[in-house]
There are 2 protein chains.
Amino acid sequence: MKSEILKYLSKYTKVTNELESAIIKSTFIESFKKGTILLNAGDISNECYFLLKGCIRSYIIENGEEKTIEFYTEEQVVTPFNYGKSTPSNYYLECTENVIVSVGNPKLEKETFLQYPQLESLSRVIAEVIMAKNQDSFAKFKTSNPEERYLNMLKERPELIQRVPQHQIASYLGIKPESLSRIRKRIINKK
Amino acid sequence: MKSEILKYLSKYTKVTNELESAIIKSTFIESFKKGTILLNAGDISNECYFLLKGCIRSYIIENGEEKTIEFYTEEQVVTPFNYGKSTPSNYYLECTENVIVSVGNPKLEKETFLQYPQLESLSRVIAEVIMAKNQDSFAKFKTSNPEERYLNMLKERPELIQRVPQHQIASYLGIKPESLSRIRKRIINKK
DNA sequence: ATAATTTCTTAACTATAGTCAATGAATTGA
DNA sequence: TCAATTCATTGACTATAGTTAAGAAATTAT
């Protein structure tokens, strides 16, 4: 399992033996059952995750309604908004499937970074890449309408549509389930 | 002017004398006239900015239409999506006012980080904070409708509404200028 | 296996955003 | 300062999303 992490990091840097052992030492693996809530709104978040297997969903509850913010799948990093800070989370993290993750926490991180400065450097680079991707998806979301968003999702993350229920996809796209149903129908008729 | 940067950084860390001189050495200030394009779509981006004075807007052109992604104002960091990478930018950066910025580039950054590792550490922390904020605004955008987005903007960035033209705000909110005009009318009538 | 629950689809209706066109207001440039 | 240009508002009309309600389909639990 840990080799998945090394494979991921090797996209960003040459993984030396030293780095490899640093990772292996400072990393531990955990499994969670489908349905497990990893973080509750109102709680302090003290863990971040690297997803090895499964799917994690972040969502908020507004007027009694769940609104999906993001779906995380294999090889994605899940860092709660306020990871390592003392402010409570405003959203939930839920396993929508059985999940295997590599877990990090601020204390462990700090120690590791002190001992292996190149890991902090790597962390910064990866944080910047993720940030760029986030900005990119935000831009795409803003500049498209619901139908385009769904088509884009079909193109970019087709497997996700098979893995998660449609009403969660709807809220992820910023619309109601009924609308997504109609959009799907519209698309089929257009073909 | 440089003291503004130190003031900003002091929110995240104790600014030691060493850090202060590191910043001062590795930083230079530039001014740009209103209307200046700092980055063109298709170009490689080689600079990032810390905004000391003025406003910078990022936008893309889609079907001949400008769509505003973000407005950056005082004390904000402008890092192009692909800053330091060799892939061309997919969007524009434009000064919507006369602008004073502190400029960074990857080469300078690299040298500075080598010499002052605590600055890289600080960079990572700030990157994470910005990331969290981005995720937060994305979540807010997704979970609200155009009217709520405008009301939220009125609350969060009231000065911005005075500073930039309304059709740019409309595209920033993901709607057409005519719709924003109607939303404003609706809000006034509700009061 | 069957009942209970949840999810998805459809329909009728309402509210709001998009489109196109016209006009008035504000800004910019010579 | 006046003309030209850009920007904001309004109206009429269209398209699409939200709402409510009902029923079908799929999933889950006993």
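Fair warning: this is a prediction, and the values are worked out from it, not measured in the lab. Numbered from 1 within each chain, the chains take letters A, B, ... in sequence-line order.
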- prompt: Will you find, in the side chains of B/Y150 and B/R184, an N or O donor that is under 3.5 Å from an N or O acceptor?
  reply: yes
Here the distance between atom P of C/dT9 and atom CD1 of A/I188, to the nearest Å, is 8 Å
When you compare the side chains of A/E47 and A/Y49, does any donor N or O come within less than 3.5 Å of an acceptor on the partner?
yes
Notebook entry, point to check: Under 4.0 Å between a side-chain N/O of B/K185 and OP1 or OP2 of C/dT16, yes or no?
Noted result: no
Whole-Å distance, A/I175 CD1 to D/dG18 P, equals 6 Å
Rounded to whole Å, the CD-C1' distance (B/E147 to C/dA17) equals 12 Å
At 4.0 Å (heavy atoms only), tell me whether A/R182 reaches a base, stays on the sugar-phosphate, or touches nothing. base
Rounded to whole Å, the CZ-P distance (B/R186 to D/dA8) equals 18 Å
*asked:* For C/dT9 and A/S181 - does any side-chain N or O of the residue sit under 4.0 Å from the phosphate oxygens OP1/OP2?
replied: yes
Separation of D/dC7 atom P from B/R184 atom CZ, nearest Å, is 15 Å
note: B/E148, atom CD; C/dT16, atom C1'; distance rounded to Å ~ 13 Å
Judged by nearest nucleotide, the residue sitting upstream toward the 5' end of DNA chain C, B/K34 or B/L180, is B/L180
In A/E120, A/K110, A/R124, the residue satisfying side chain to side chain donor-acceptor pair (under 3.5 Å) with B/S121 is A/E120
What one should report as the nearest heavy-atom pair of B/K14 and B/L19 is O-CD2, 4.0 Å
Of B/Q166 and A/N145, the one whose nearest nucleotide on DNA chain D sits closer to the 5' end is B/Q166
When rounded to whole Å, the CD to P distance for the pair A/E178 and C/dT14 reads 17 Å
Review point. Can a donor-acceptor pair be found between the side chains of B/R157 and B/T73 at a distance below 3.5 Å?
Key: yes
B/K176 has its side chain closest, among D/dT28, C/dT19, D/dG18, to C/dT19
In whole angstroms, the gap separating C1' of C/dT10 from NE2 of A/H167 amounts to 18 Å
